[in-house]
Number of protein chains: 2
Amino acid sequence: MIFTTKAEYGVRLLVELGRQANDAPVSLKAIAENEGLPLAYLERIVALLKRADLVESTRGAHGGYRLARDPESVTMDEVVLALEGSVAPMSCFVDETDDGRVLCSHVDDGEACATKFLWLRVQGGVTEALRRTTLAELVAFSAKQDVAQSAETLGSALPLHSAA
Amino acid sequence: MIFTTKAEYGVRLLVELGRQANDAPVSLKAIAENEGLPLAYLERIVALLKRADLVESTRGAHGGYRLARDPESVTMDEVVLALEGSVAPMSCFVDETDDGRVLCSHVDDGEACATKFLWLRVQGGVTEALRRTTLAELVAFSAKQDVAQSAETLGSALPLHSAA
DNA sequence: CTTAATCCTACCAATGCGGTAGGAGAAACC
DNA sequence: GGTTTCTCCTACCGCATTGGTAGGATTAAG
């Protein structure tokens, strides 16, 4: 498994916030009910997003969370970094270098890892895929799915659950 | 963490076998000592590789393992699939479809996952990186490292404890 | 001052991972 | 034929992490 539910729930949370057109804060309780996720667990997850300045919060009644930045500018690699810590292909990749880029620890014990070469490629593939996906894109996707689904459940003749 | 030590050790094992020029089988004990890995654990790992027809074994004294195929033709996505089961970005990706391609389980409970869209991209990035890396490439890389290292530690230009 | 929300921290069960132990078969070599 | 050296197989175990809960403090609206 590459990611844990932290990433899953955290991204969903952000998408949910992104769907909100106005800038009124959304309570975690609403999101938890909407997505069917445990509230107490979401609280800990949203804390990670806040620490990374991806969401803002207002406390007290009628409070909640809203996106701190334009969804277009939020790329998934920052999001996943905030949620999962870092994307390390292998346990020997200790997270040293500032922003998620990690390097192998046993560089030269005996023979230099041929595996390191491989894992670096994999890591590149993952971070590239994450970086080229923005929150806005996911929000748009989710909105499209909504349309498709309501059409399908209503029995109309509109495009089905395909992407286009 | 994307991969466990199964992938790490398994790939190393294959590289070690690939370094062997002749077709004489190599014992796990030799590999374990060479790489500093626990023998009993390697036994379980190599069983996965054998089940996937990536290595052949001969039992008894002077027995051991050898590659079952040309290293050029062995891509890392088969290897990792054999070792790790499947590369699933998220726990909701249950491995159904034959060869490692996995799909999301909660396709349409409430709203169709925008996250699924993301994880599929990530999975694509990983498998693509794995598929374009062959065992032969890793073996060559490891050999190159040997030369560089022996030159550096000995100051001479002779091969060190390499296969030949 | 009650209510609804964010915050914070400690706790807990289950799972999986890395590793060990102890053998049982199979082939080479004396 | 027996010993040695391997592959094979299965059960076990400590440990860390994950996913989730509990309980409460703080803050602000009404």
Side-chain angles (χ1 to χ4, degrees), chain A residues 1-13 17 24-66 68 80 83-86 88-92 94-95 106, chain B residues 1-13 17 24-66 68 83-86 88-92 94-95:
Chain A
M1 220 65 57
I2 299 185
F3 302 120
T4 69
T5 56
K6 284 204 198 81
E8 175 80 22
Y9 297 173
V11 172
R12 286 203 187 183
L13 199 157
L17 292 184
V26 183
S27 76
L28 273 197
K29 191 183 174 192
I31 294 181
E33 285 173 355
N34 217 344
E35 297 276 341
L37 303 178
L39 172 61
Y41 191 30
L42 267 190
E43 289 183 354
R44 269 170 32 196
I45 289 174
V46 81
L48 301 172
L49 296 174
K50 184 176 182 186
R51 204 167 307 157
D53 290 316
L54 288 167
V55 301
E56 292 171 346
S57 67
T58 57
R59 304 184 65 168
H62 291 272
Y65 296 89
R66 76 181 73 78
V80 168
L83 291 166
E84 297 280 354
S86 66
M90 183 57 54
S91 52
C92 64
V94 194
D95 42 342
H106 52 3
Chain B
M1 219 66 59
I2 298 185
F3 303 120
T4 68
T5 57
K6 284 204 198 81
E8 174 80 22
Y9 296 173
V11 172
R12 287 201 188 185
L13 198 156
L17 292 185
V26 184
S27 77
L28 272 197
K29 193 183 173 193
I31 294 181
E33 285 172 357
N34 217 344
E35 297 276 341
L37 302 177
L39 172 61
Y41 192 31
L42 267 190
E43 289 183 353
R44 268 170 34 196
I45 290 174
V46 80
L48 302 171
L49 296 173
K50 183 174 183 186
R51 203 168 306 158
D53 289 316
L54 288 167
V55 301
E56 291 169 347
S57 67
T58 58
R59 303 184 65 166
H62 292 272
Y65 295 89
R66 76 180 71 79
L83 290 167
E84 297 282 353
S86 66
M90 183 57 53
S91 52
C92 64
V94 194
D95 43 342

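Each chain gets a letter, A, B and so on, in the order its sequence line appears, and its residues count up from 1. Scope of the values below: all heavy atoms of this structure, side chains included, with no hydrogens, waters or symmetry mates.
Distance CG (L83(A)) to C1' (dT18(D)): 15 Å, rounded to an integer number of Å. One atom, CE of M1(B), and another, C1' of dT18(D), lie 13 Å apart when rounded to the nearest Å. Computed from coordinates, the L39(B) CG to dG23(C) C1' distance equals 14 Å when rounded to whole Å. Between E56(A) atom CD and dT6(C) atom P there is a gap of 14 Å when expressed in whole angstrom units. At whole-Å resolution of the value, CZ in R66(A) and P in dT6(C) are 12 Å apart. The nearest whole Å value for the distance from the OH atom in Y41(B) to the C1' atom in dC15(D) is 14 Å. Computed from coordinates, the K29(A) NZ to dT3(C) C1' distance equals 11 Å when rounded to whole Å. For E8(B) and dC17(C), the CD to P distance is 15 Å, given to the nearest whole Å.
Of the candidates dC17(C), dT6(C), dA28(C), the closest approach to any side-chain atom of K6(B) belongs to dC17(C). Listed nucleotides: dG30(D), dT7(D), dC29(C). Nearest to the side chain of Y65(B): dT7(D). The side chain of K50(A) sits closest to dC7(C) out of dC7(C), dT21(D), dC8(D). Side-chain proximity of R44(A) to the nucleotides dT18(D), dA10(C), dC17(C) is greatest for dA10(C). Of the candidate nucleotides dT4(D), dT18(D), dT6(C), dT6(C) has the atom lying nearest to any side-chain atom of L28(A). In the set dT21(D), dT7(D), dG19(C), dT7(D) carries the atom at the smallest distance from any side-chain atom of E43(B).
Each of L28(B), L13(B), L54(B) was checked for a side-chain contact (heavy atoms from CB on, under 4.5 Å) with Y65(B), and the lone residue meeting it is L28(B). Evaluated for a side-chain contact (heavy atoms from CB on, under 4.5 Å) with K6(A), the options V80(A), L48(A), V11(A) yield exactly one hit, L48(A).
Taken to the nearest 0.5 Å, the CD atom of E8(A) stands 5.0 Å off from the CE atom of M90(B). Taking CE from M1(A) and CE from M1(B), the interatomic distance works out to 14.0 Å, rounded to the nearest 0.5 Å. Once rounded to the nearest 0.5 Å, the distance linking OG1 of T5(A) with CG of L37(A) reads 9.0 Å.
For the pair T5(A) and dG19(D), the criterion of a side-chain N or O lying under 4.0 Å from OP1 or OP2 is met. The phosphate of dC7(C) has OP1 or OP2 within less than 4.0 Å of a side-chain N or O from S57(A). OP1 and OP2 of dT5(D) both lie 4.0 Å or more from every side-chain N or O belonging to S27(B). Taking side-chain N and O atoms only, Y9(B) has a distance below 4.0 Å to OP1 or OP2 of dG19(C).
Residues T58(B) and R66(B) are in side-chain contact: their nearest non-hydrogen atoms beyond the backbone lie under 4.5 Å apart.
Donor-acceptor pairing under 3.5 Å, judged by distance alone, is absent between the side chain of R59(A) and the base of dT27(D).
Between A61(A) and V46(B), the residue anchored closer to the 5' end of DNA chain D is V46(B), taking for each the nucleotide with the nearest heavy atom.
At a threshold of 4.0 angstrom between heavy atoms, the contacts of F3(A) with the nucleic acid are absent.
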